[in-house]
Chemist: 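Please see the structure below; I have some questions.
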Amino acid sequence: MKKVIEKARLHYRKDLPFVLFANPEEDKLQAWFQRDNSLTLFKGQNGFVFTSFNKEQSYSIEQSNSDFYEEKITNKSDDSPDFEKPEINIIEKKNFEALVADSIQAILEQQFQKVVVSRKVLLPISIDFEVSFLKLLSNYKKAFRYLFYHPKVGMWMGASPEQLLHIENNNIKTVALAGTQLYSENIIWETKEKEEQQFVTDFITNQITSFTEEMDISNPYTEKAGNLAHIKTNISAKLVASNSALEIVNALHPTPAICGLPKEPTLDFILANEKYDRKFYSGFLGEWSDVKKNLFVNLRCMEVEKEAVRLYVGCGITKDSNPEKEFFETENKLATIVKIIKI
Ligand SMILES: C=C(O[C@@H]1C=C(C(=O)O)C=C[C@H]1O)C(=O)O
């Protein structure tokens, strides 16, 4: 594993693009190191895809222009002290609660049924990205863990609990994930959370129906993600046409797990009201090849700069939401990613 981390350090010093990633439940670290610093648009070619929330930026670390490495993850769970979560900023809290209140109002006016609003938290610190990524790897084994760097895009890392799409041998798999609370032994979900998650399941199954047959939809169940719990439904089916993957991604993204229902008015609402650019947060990323597509939603992530990190968090709003409760939900999500920071 040292080899990949050292190679990443050298590549970073040379300002060359790379991505390191580990699939959920796998103790295998995979890496693509690009041979030059070109910024390549994603057009369905083999490689690693990195796409922004608004799809305006969609890039590929192309297989044909990169060296691939794979190593067993050997670092043990890191029990060094966690980075302390910053104190709550009263202005940020008020602003976010006002955004949630506006969202509820729009829902009551029947502009849409559910919207996911988010915020960004700036920490003026310089982090050790190698150690932080190692901590992320060992702390969130059930998540899709990654570190992406491109000199023309920046550095991002995260531990996503949410698969957008998996396609292999004409079998398609995805999930509907929503509803959040702190993890405990006996979790009870309220109607609000169940409804919020059902919106996602219905949207996804609707969007993929015309591309698939023999769809199988699991019952919703509780899924642990770090110290949080979500409601999850597994959806699988067979593809009716083998070259429809790009169309399916377009039909799915952005799902109501990170945007809203219906898609268009909620996207407009987010762009008009969040008042910041989500960039790659809640976009999608992952492997894309002729044999396999394995994409995840970019959640529980941060953007790493030389002297600052930006953390991105959001939550789903329905008519029954409570602004302060939703703010604390984003604080809990923040805690999962802040934990892995090493300065
Ligand atoms: C938007 C985020 O997470 C999404 C929203 C959730 C919710 O509203 O409960 C739960 C899981 C994710 O689908 C985030 O982590 O920033």
Side-chain angles (χ1 to χ4, degrees), residues 24 53 96 99-100 103-104 107 112-121 136 140 142-145 156-165 174-183 187 189-204 220-235 252-261 266-267 269-270 274 276 278-285 295-303 310-323 325-340:
F53 169 67
F96 189 73
L99 175 61
V100 174
S103 309
I104 299 169
I107 294 168
F112 40 77
Q113 291 149 281
K114 170 190 173 173
V115 67
V116 180
V117 288
S118 68
R119 65 192 177 99
K120 178 171 83 173
V121 176
L136 181 111
Y140 296 118
K142 285 181 70 174
F144 174 77
R145 296 143 288 169
W156 287 73
M157 71 167 95
S160 171
E162 188 166 335
Q163 175 117 49
L164 178 68
L165 188 64
T174 181
V175 302
L177 192 84
T180 305
Q181 58 179 296
L182 284 172
Y183 182 79
I187 290 215
W189 294 103
E190 288 174 17
T191 313
K192 181 245 161 194
E193 289 143 339
K194 289 187 197 162
E195 187 186 65
E196 182 184 337
Q197 195 264 349
Q198 190 63 45
F199 283 146
V200 185
T201 308
D202 293 346
F203 170 88
I204 291 178
Y221 60 94
T222 299
E223 172 84 336
K224 190 171 183 288
N227 53 352
L228 299 178
H230 301 300
I231 311 175
K232 186 168 176 178
T233 298
N234 295 330
I235 300 158
L252 285 177
H253 177 82
T255 72
I258 43 114
C259 180
L261 195 79
T266 46
L267 191 54
F269 180 89
I270 290 169
E274 274 189 351
Y276 86 104
R278 287 190 181 191
K279 295 188 180 173
F280 293 89
Y281 160 68
S282 70
F284 59 85
L285 75 170
L295 303 181
F296 293 83
V297 186
N298 197 6
L299 298 175
R300 319 293 142 83
C301 62
M302 63 179 150
E303 186 182 8
R310 290 169 213 277
L311 309 152
Y312 295 78
V313 276
C315 56
I317 310 302
T318 67
K319 62 179 187 330
D320 302 315
S321 290
N322 169 301
K325 234 175 125 184
E326 299 295 352
F327 173 80
F328 284 112
E329 182 176 317
T330 61
E331 281 292 300
N332 291 337
K333 285 178 176 157
L334 205 63
T336 62
I337 190 75
V338 162
K339 214 173 129 83
I340 62 95

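We count ligands from 1, going down the list as the structure has it; atoms in each ligand are counted the same way. What's counted below: heavy atoms across the whole structure, side chains too, no hydrogens, waters or symmetry copies.
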Chemist: Should Ser118 and Tyr276 be marked as a side-chain hydrogen bond (donor to acceptor under 3.5 Å, both in side chains) after you check the CA-CA gap, both sets of side-chain angles, and the distance that decides it?
Modeler: CA-CA 9 Å; Ser118 68; Tyr276 86 104; 2.7 Å; yes
Chemist: Name the residue from Phe280, Tyr281, Phe53 that meets the ring pair (Phe, Tyr, Trp, His ring centres under 6.0 Å) definition with Tyr312.
Modeler: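 The option that passes is Tyr281.
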Chemist: To which protein heavy atom is atom 2 (C) of ligand 1 closest, and what is the distance rounded to 0.1 Å?
Modeler: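 Answer for atom 2 (C) of ligand 1: Gly314 O, 3.5 Å.
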Chemist: Which of the numbered atoms in ligand 1 are under 4.0 angstrom from any heavy atom belonging to His230?
Modeler: 10 (C), 11 (C)
Chemist: Counting only heavy atoms closer than 4.0 Å, does ligand 1 sit against the backbone of Thr180, its side chain, both, or neither?
Modeler: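 Both the backbone and the side chain of Thr180 come within reach of ligand 1.
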Chemist: Checking a contact table here: which protein heavy atom is nearest atom 13 (O) of ligand 1, and how many Å away?
Modeler: Glu162 OE1, 2.6 Å
Chemist: Salt bridge check, Glu326 against Lys192: does any charged N sit closer than 4.0 Å to a carboxylate O?
Modeler: yes
Chemist: Note the single closest protein heavy atom to atom 3 (O) of ligand 1, along with its residue, its atom name and the distance in Å.
Modeler: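 Closest protein heavy atom to atom 3 (O) of ligand 1: Arg300 NH2, 3.3 Å.
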Chemist: In terms of atom number and element, which parts of ligand 1 are under 4.0 angstrom from non-hydrogen atoms of Tyr281?
Modeler: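 Numbered from 1, ligand 1 contributes 1 (C), 2 (C), 14 (C), 16 (O).
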Chemist: Is the ring pair Phe296/Phe144 parallel, tilted or perpendicular, if the boundaries are 30 and 60 degrees?
Modeler: parallel
Chemist: As an exercise, identify every atom of ligand 1 less than 4.0 angstrom from a heavy atom of Gly179.
Modeler: 7 (C), 9 (O)
Chemist: Tell me whether Glu331 is salt-bridged to Arg119, with the criterion being a basic N under 4.0 Å from an acidic carboxylate O.
Modeler: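 So Glu331 pairs with Arg119 through a salt bridge.
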Chemist: Decide yes or no on side chain to side chain contact (heavy atoms under 4.5 Å, CB included) for Tyr221 and Ile231, but give the supporting numbers first.
Modeler: CA-CA 6 Å; Tyr221 60 94; Ile231 311 175; over 6 Å; no
Chemist: At less than 4.0 angstrom from any non-hydrogen atom of Cys315, what atoms of ligand 1 do you find?
Modeler: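 Near Cys315, the atoms of ligand 1 are 8 (O).
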Chemist: Tell me, yes or no, whether the heavy-atom count around Lys333 atom NZ, taken from other residues, nucleotides or ligands under 6.0 Å, exceeds 12.
Modeler: yes
Chemist: With heavy-atom distances below 4.0 Å as the criterion, list the atoms of ligand 1 near Ala257.
Modeler: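 Heavy-atom distances to Ala257 below 4.0 Å select 4 (C), 5 (C), 13 (O).
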Chemist: Out of Leu261, Leu99, Ile317, which one pairs with Val115 under the side chain to side chain contact (heavy atoms under 4.5 Å, CB included) rule?
Modeler: Ile317
Chemist: Quick one, Glu329 with Lys325, criterion salt bridge (Lys or Arg N to Asp or Glu O under 4.0 Å). Give me CA distance, side-chain angles, the key distance, then yes/no.
Modeler: CA-CA 6 Å; Glu329 182 176 317; Lys325 234 175 125 184; over 6 Å; no
Chemist: Just jot down the ligand 1 atoms closer than 4.0 angstrom to any heavy atom of Gly316, in number order.
Modeler: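 This gives 7 (C), 8 (O) as the contact atoms.
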Chemist: Closer than 4.0 Å to some heavy atom of Glu329 - which atoms of ligand 1 meet that?
Modeler: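 Answer for ligand 1: 7 (C), 8 (O), 9 (O).
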Chemist: Does the residue Gln197 have a heavy-atom contact with ligand 1, meaning some pair of atoms that are separated by less than 4.0 Å?
Modeler: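 No, Gln197 has no heavy atoms under 4.0 Å from ligand 1.
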Chemist: Report, in ascending order of atom number, the atoms of ligand 1 lying under 4.0 Å from any heavy atom of Lys333.
Modeler: 2 (C), 3 (O), 5 (C), 6 (C), 7 (C), 8 (O), 9 (O), 10 (C), 14 (C), 15 (O)
Chemist: Can you find an N or O of Leu177 that's nearer than 3.5 Å to an N or O of ligand 1?
Modeler: yes
